[in-house]
Student: 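The structure's right below; bear with me while I get my questions together.
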Amino acid sequence: MVTKTINTVEALQALISQHKSEGKSVGFVPTMGALHQGHLTLMQQSLAQNEVTVCSIYVNPTQFDNKDDLEKYPQVLEADVALLESIGVDYCFAPTNAEVYPDGTQQTVDVNLDGLDEKLEGEHRPGHFAGVVQVVHRLLDIVKPDKLYMGQKDFQQFTIIGKMIDELKMPVDLVVCPISREESGLARSSRNVRLSPLDRARGCIINQTLLEAKEDITTLSLEALLNRARQRLTWEWTDLEYFEIIDGHTLDPIKNVRHHTYLVGVVAVWIGGVRLIDNRVLLSEKP
Ligand code: AMP
């Protein structure tokens with residue numbers, strides 16, 4: 001099956017309206033490219049649940065608080081399209097900045113996020129979530145999918161987008177897909193290619209720390225859990241930004257494990273000059 005690459009909003013919308021008029025459901029997976037197996041699990045879920053799957057590949061400049069990170073972001077469209085084709089994705093939408101932001105990037109989305117965007121990643125990456133909300137809102141407006149697929153890898157991101165969808169009553173279902181990991185347990189990320197083989201192997205410490213926290217969430221004190229985890233992530237080759245145990249709804253760091261039913265361990269740590277994030281649900285309301 002050939003994956004059609006489309007660069008303009010007009011061309012994509014013409015194809016999508018045709019499919020919709022035939023009663024077909026559309027699944028949408030927004031990405032910044034440099035696709036890996038983790039991204040493909042999102043596409044596969046969309047392919048299984050919809051008749052048409054659209055993947056967007058767009059490195060959105062407005063969500064980068066760090067110019068260097070934006071410039072270094074890997075761009076490998078040809079290889080990405082080959083991967084999409086290998087699993088049968090219908091469309092690859094790869095727009096220019098002018099297509100996404102025809103009136104410039106000044107216009108932001110007016111939505112109450114209850115401060116979800118201000119903590120954790122928001123604190124360390126000022127303006128990041130305003131950019132994410134801006135681009136996802138715009139892409140949803142362009143594609144108008146029935147279902148939107150996002151990864152649990154970016155816990156705060158999907159929580160914020162879910163809030164935006166609810167607040168603005170956008171007619172789309174958000175489907176959150178589990179974190180896909182390398183064999184070592186390191187969460188797959190487009191940034192992993194920038195790690196040396198040694199640092200890539202060292203990165204397994206993040207998942208190990210999260211697993212350990214999950215194991216002891218009901219038996220150890222919060223202080224003991226946090227101290228141990230932060231210690232585990234502190235080496236001469238790491239620079240720990242944060243390890244927190246948060247309430248999965250509010251994203252606030254908790255004060256007492258027993259006062260919550262949905263707990264998530266969240267981490268941001270630098271290894272070998274690369275900023276890595278990961279998370280794990282430590283306690284869940286769901287059976
Ligand atoms: P990105 O291109 O990094 O912005 O990611 C695009 C989408 O893929 C986001 O919804 C991410 O959460 C998701 N994603 C990235 N890495 C993973 C992973 N290892 N497992 C599951 N989803 C992922």
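Both counts, for ligands and for their atoms, begin at 1 and track the order of listing.
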Student: Of all the atoms in ligand 1, which lie at a distance below 4.0 Å from a heavy atom belonging to I179?
Tutor: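 Close to I179: 20 (N), 21 (C).
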Student: Evaluating non-hydrogen atoms only, which member of C177, G38, S180 is closest to atom 20 (N) of ligand 1?
Tutor: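 Nearest option to atom 20 (N) of ligand 1, by heavy atoms: S180.
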Student: Applying a 4.0 Å heavy-atom criterion (strictly less than), which segment of Q152 is in contact with ligand 1: side chain, backbone, both, or neither?
Tutor: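 For Q152, no heavy atom sits under 4.0 Å from ligand 1.
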Student: Any N/O of R188 closer than 3.5 Å to an N/O of ligand 1?
Tutor: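 The answer is yes, given that R188 and ligand 1 share an N or O pair closer than 3.5 Å.
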Student: Applying a strict 4.0 Å limit to heavy atoms, is R181 in contact with ligand 1?
Tutor: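 In this structure, R181 fails to qualify as a contact of ligand 1 - no heavy atom is under 4.0 Å.
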Student: Please state whether A34 comes within less than 4.0 angstrom of ligand 1, counting heavy atoms only.
Tutor: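 Distance cut 4.0 Å: A34 fails for ligand 1.
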Student: For ligand 1 and S189, I'd like to know whether there is a polar contact (N/O to N/O, distance under 3.5 Å).
Tutor: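 Among all N and O atoms of S189, none is under 3.5 Å from an N or O of ligand 1.
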Student: Taking the basic N atoms (NZ, or NE/NH1/NH2) and the acidic carboxylate oxygens, is any pair closer than 4.0 Å for E223 and R228?
Tutor: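 No, E223 and R228 are not salt-bridged.
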Student: In the protein, which heavy atom is nearest to atom 2 (O) of ligand 1, and how far is it?
Tutor: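 Protein heavy atom at minimum distance: M32 N, 2.9 Å.
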Student: Any salt bridge between D199 and R202, counting N to O under 4.0 Å?
Tutor: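 R202 and D199: salt-bridged.
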Student: Under 3.5 Å, N or O to N or O, is M150 touching ligand 1 that way?
Tutor: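 Looking only at distances, the answer is no, because the N/O contact criterion of under 3.5 Å is not met.
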Student: Hey, what's the ring geometry for F64 with Y73, parallel, tilted or perpendicular (30° and 60° as the breaks)?
Tutor: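 Aromatic pair F64/Y73 classed perpendicular.
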Student: Please could you name the atoms of ligand 1 that H36 approaches to less than 4.0 Å, counting only its heavy atoms?
Tutor: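 Counting from 1, the qualifying ligand atoms are 16 (N), 17 (C).
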Student: Within the structure, does S190 bring an N/O atom to less than 3.5 angstrom of an N/O atom in ligand 1?
Tutor: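 In fact, backbone or side chain, S190 has no N or O that close.
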Student: Decide, yes or no, whether a salt bridge links D278 with K153 under the criterion of side-chain N to carboxylate O below 4.0 Å.
Tutor: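 Looking at K153 together with D278, the answer is no, because their closest N to O distance does not fall below 4.0 Å.
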Student: Closest non-hydrogen protein atom to atom 11 (C) of ligand 1, residue and atom name please, with distance?
Tutor: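 I find the closest protein heavy atom is D154 OD2, 3.1 Å.
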Student: Could you tell me the residue and atom name of the protein heavy atom closest to atom 21 (C) of ligand 1, and the distance to it rounded to 0.1 Å?
Tutor: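 Result: P178 O, 3.3 Å.
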Student: Would one find more than 12 heavy atoms of other residues, nucleotides or ligands at under 6.0 Å from atom CD of E78?
Tutor: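 Not more than 12 within 6.0 Å, no.
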Student: Should the heavy atoms of other residues, nucleotides or ligands under 6.0 Å from CH2 of W237 be counted, would the total exceed 12?
Tutor: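 Atom CH2 in W237 is packed in, count exceeds 12.
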Student: Closer than 4.0 angstrom, basic N to acidic O: yes or no for R275 and E121?
Tutor: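 Yes, this pair counts.
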Student: Nearest to atom 17 (C) of ligand 1, what protein heavy atom do you find, and at what distance?
Tutor: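 Answer for atom 17 (C) of ligand 1: K153 CB, 3.7 Å.
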Student: Output yes when E123 and K119 qualify as a salt bridge under the 4.0 Å nitrogen-oxygen rule, no when they do not.
Tutor: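 No, this pair does not count.
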Student: Quick test of your reading of the model: are D69 and K72 salt-bridged, counting only N-O distances below 4.0 Å?
Tutor: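 The answer is no: the pair does not qualify as a salt bridge.
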Student: Considering non-hydrogen atoms only, spot the tightest contact between Q157 and V132 and give its length.
Tutor: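 Closest pair (atom of Q157, atom of V132, distance): OE1-CG1, 3.8 Å.
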Student: What residue and heavy atom of the protein are closest to atom 7 (C) of ligand 1, and at what distance?
Tutor: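 Heavy-atom neighbour on the protein nearest atom 7 (C) of ligand 1: P30 O, 3.7 Å.
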Student: Counting only heavy atoms closer than 4.0 Å, does ligand 1 sit against the backbone of V29, its side chain, both, or neither?
Tutor: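 For V29, there is no contact with ligand 1 at all, from either part.
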Student: For atom 1 (P) of ligand 1, what's the nearest protein heavy atom and its distance?
Tutor: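 The closest one turns out to be H39 NE2, 3.7 Å.
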Student: Quick one: nearest non-hydrogen protein atom to atom 10 (O) of ligand 1, plus distance?
Tutor: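 Result for atom 10 (O) of ligand 1: G151 N, 2.9 Å.
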Student: Do K4 and D90 meet the salt-bridge criterion of a basic N to acidic O distance under 4.0 Å?
Tutor: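 Salt bridge between D90 and K4, a charged N being under 4.0 Å from a carboxylate O: no.
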